[in-house]
Amino acid sequence: MCGIIGYIGTDNGVDYVLDGLKNLEYRGYDSSGICIINSSSQTNLIKQVGGIDKLVQKVKTIRPNGKLIIGHTRWATHGKPSISNAHPHFNNDHNIFVVHNGIIENYLEIKSKLIDRGYKFVSETDSEVIPNLVDFYYKKIGSLSEALRMTLDDLRGTYAICLVSTIEPDKLFVSRLGSPLVIGKAGNKIFVSSDPSAITNRTKSISFLNDYDVAQISLKKIKVFNQKDNKPSFAKFEIINQRNEQNNLGDWPNYMIKEINQAPEVVELAIKGRLSPKHQIKLGGLDDVSSQLDHIDRIIIVGCGTSYYAGLIGEYLIEEFSDIPVEVELGSEFKYKNEPISRSTCLIAISQSGETADTIAAINKVKDFGVLKLGIVNSIGSTISRITDAGVYCHAGNEKSVASTKAFIAQVTVLSLLALRLAKIRTKSFDNLSEELLKLPDKIRAVLGQSDQIQKLAHKYIKYKNFLFIGRKYNYPIALEGALKLKEVSYVHAEGYSAGEMKHGPIALIDKTFPTIVIATKGDLYKKTISNLLEIRSRGGPIVLITNFKDQKIKNMVDDLIYVPESHEETATQIITVALQLFAYYFSLELGNNIDKPRNLAKSVTVE
Ligand code: M6R
């Protein structure tokens, strides 16, 4: 949520920062701003409500120059999107400028103390207390870096902060606690970003700040110290091998459709080098914890949103192939539970961004229990990948559309590999799943080939304002995910339900204005799901059936039918999900919504 870019260098960095903000726009897009300090220590503060393009236009008319710059794209928490609430925020003397991600929980208390001391505030934000408190301490002690440290000591909550000031116009000051921040070095240019993917087109040499790190960055030196004990540490740079192709739309009209169409390639990348044609599983990221993994007797999977639904599929998969019991928990619930946990438990955190606050909190909750902590993460080098003991990257590439699509496909693929890795014996099902994973990319390509049919379906149902999605076993989490996707990008009411639960309440909703998307795949549960379908039909509810089973009898019992390629039930999940993603996409397209940046949402939820 929100994005930060900072720059210090020998060139004019305005375009670099605007370009970085463009890359970060998917993190928050209700307003943005930039503060440029030029070589005569003059400042240019430019803010705009709306997307980054509006900021770029405004900057172009002013044509500022500067070698010390901070920029921010906002997802509103405290105060509506407005110029005064947009970052950077500044002190009363207009010489200290700050961009901030996170939430300062005690800002009202700090604000009132500062008001008592004569400070004036122009925004409704929590962030504005930061430059003013730094100002207060600076005036007392005369050191900007020490004033920042004292300010950080007073803050409660989470933050990633980047500060510039005309008092020391050759430095960027940064700090983090519970919100990501990285430094990137490229010769005589240094970048700061809340997301490495926003600057990997400029440099692959990245240093990840840890909680309580405070860094003072000049072109001569990067000084890092610990906020709590003031002890110096150092910025350790590593090379991040992140592909940059994702930052371009190419010929696609938006990222959601581009990313849905990347699914076949995503599966190929997720299994590459991990699943051999002879069905050997090699998950290199787990090598160091191999023996620990062989002794676990319980798995808790944590995640939020779409990643949580991937976890629910993981539960079925792992329990199918191993004898290890699995529970799946929402990060936001797990962290407040009084859960008895033994050392032989393994916690698996699933996250696309690797920065979701609730999932991080769930991992931190078990950190003193001696449990094995694994991550299934997409963003390389993200917080979750660094605070877990080991893990498996999804390798789906940077996902820019707020609605997660390709990352989910990769997560389920990785969970399938993990289930096979945990299998104690090689059964027929083991070979079937391995075989199916290898065939999966082509089967997904076939669904993508049905895009026109799915678009027509979305067009036919566009008048409806409510949808029910139902399925059993693997298709239950898929129903939940299909409903989430539709509501996120279309803003229509959509509920996912287990088909078996329908009679316990939701069937009361059914009438001719409330269509149901039924997911029923070939296998033991097909007939049971069809019984549920018939119950809906008897009550006049319109029905769309998505199936991989060519059952001639069913044709006349449904309003619409989508056949997807046949496969075993474990891999049918990804195939059907792509069809549901396309349905949500075309629905939103027809409504004319901002597909990649749905209202009120942010890509990465880094606050609780
Ligand atoms: O980055 P994460 O996978 O941890 O994010 C979790 C959820 O915030 C995310 O899946 C969210 O539900 C998406 N908007 C779904 O499309």
Side-chain angles (χ1 to χ4, degrees), residues 180 182 196-197 200 204 206 208 210 236 238-243 265-276 279-296 298-303 307 310-311 313-315 317-318 321-322 324 326 328 344-356 359-360 362-364 366-367 370-399 406-424 430 433-434 437-438 440:
V182 302
S197 71
T200 46
K204 300 270 187 274
I206 302 284
F208 292 87
N210 293 312
K236 191 175 145 229
E238 49 193 278
I239 300 300
I240 295 295
N241 289 315
Q242 193 147 353
R243 295 178 298 146
E265 181 198 339
V266 158
V267 175
E268 281 159 0
L269 285 169
I271 59 178
K272 192 174 168 191
R274 293 170 171 169
L275 172 63
S276 75
H279 307 172
Q280 302 296 326
I281 307 293
K282 167 116 188 76
L283 298 176
L286 301 183
D287 282 354
D288 289 349
V289 295
S290 209
S291 54
Q292 233 181 314
L293 200 56
D294 289 338
H295 291 99
I296 55 166
R298 178 185 176 206
I299 292 175
I300 301 173
I301 298 180
V302 289
S307 297
I313 298 175
E315 176 180 11
L317 284 164
I318 295 171
F321 290 95
S322 75
I324 308 167
V326 182
V328 191
S344 50
T345 300
C346 169
L347 182 105
I348 303 177
I350 305 182
S351 175
Q352 187 288 126
S353 62
E355 302 295 351
T356 300
T359 310
I360 292 173
I363 302 167
N364 286 334
V366 301
K367 80 171 184 264
V371 308
L372 176 62
K373 303 184 292 301
L374 303 182
I376 295 182
V377 171
N378 191 36
S379 288
I380 294 169
S382 56
T383 302
I384 294 180
S385 72
R386 289 180 301 116
I387 63 173
T388 42
D389 304 312
V392 186
Y393 276 121
C394 293
H395 292 315
N398 193 9
E399 190 179 61
K406 63 175 179 172
F408 177 82
I409 302 296
Q411 288 165 345
V412 177
T413 308
V414 167
L415 284 160
S416 307
L417 295 171
L418 183 64
L420 294 175
R421 160 67 183 79
L422 294 173
K424 291 275 183 314
F430 183 106
L433 176 54
S434 320
L437 283 171
L438 296 167
L440 188 55

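In this text the structure is predicted, and so the values were computed from the model without any measurement.
Judged purely by atom type and a 3.5 angstrom limit, Lys204 uses its side chain to pair as donor or acceptor with the backbone of Thr200. Within the 3.5 Å criterion, the main-chain N or O of Ser351 finds no donor-acceptor partner in the side chain of Asn378.
Atom CG of residue Leu422 and atom CZ of residue Phe321 lie 11.0 Å apart, to the nearest 0.5 angstrom. One finds the CD1 atom of Ile384 at 5.5 Å from the OG1 atom of Thr356 (value rounded to the nearest 0.5 Å). Interatomic distance, Ser344 OG to Arg298 CZ, rounded to the nearest 0.5 Å: 9.0 Å. Atom CG of Leu275 sits about 9.5 Å away from atom CG of Leu283, to the nearest 0.5 Å. A distance of 10.5 Å separates CZ of Arg274 from CG of Leu418, quoted to the nearest 0.5 Å.
Among residue pairs with one or both ends in residues 381-392, those qualifying as salt bridge (charged side-chain N to carboxylate O under 4.0 Å, His left out) are Lys373-Asp389; sequence neighbours excluded.
Ile350 approaches Gly311 most closely through the heavy-atom pair CD1-CA, 3.6 Å.
For Ser385, the side-chain hydrogen bond (donor to acceptor under 3.5 Å, both in side chains) partners two or more places apart in sequence, or in a different chain, are Tyr393. The side-chain contact (heavy atoms from CB on, under 4.5 Å) test applied to Ala310 returns Phe408, Gln411, Val412, Leu415, not counting sequence neighbours.
Heavy atoms from other residues, nucleotides or ligands lying under 6.0 Å from CG of Asp288 number 12 at most.
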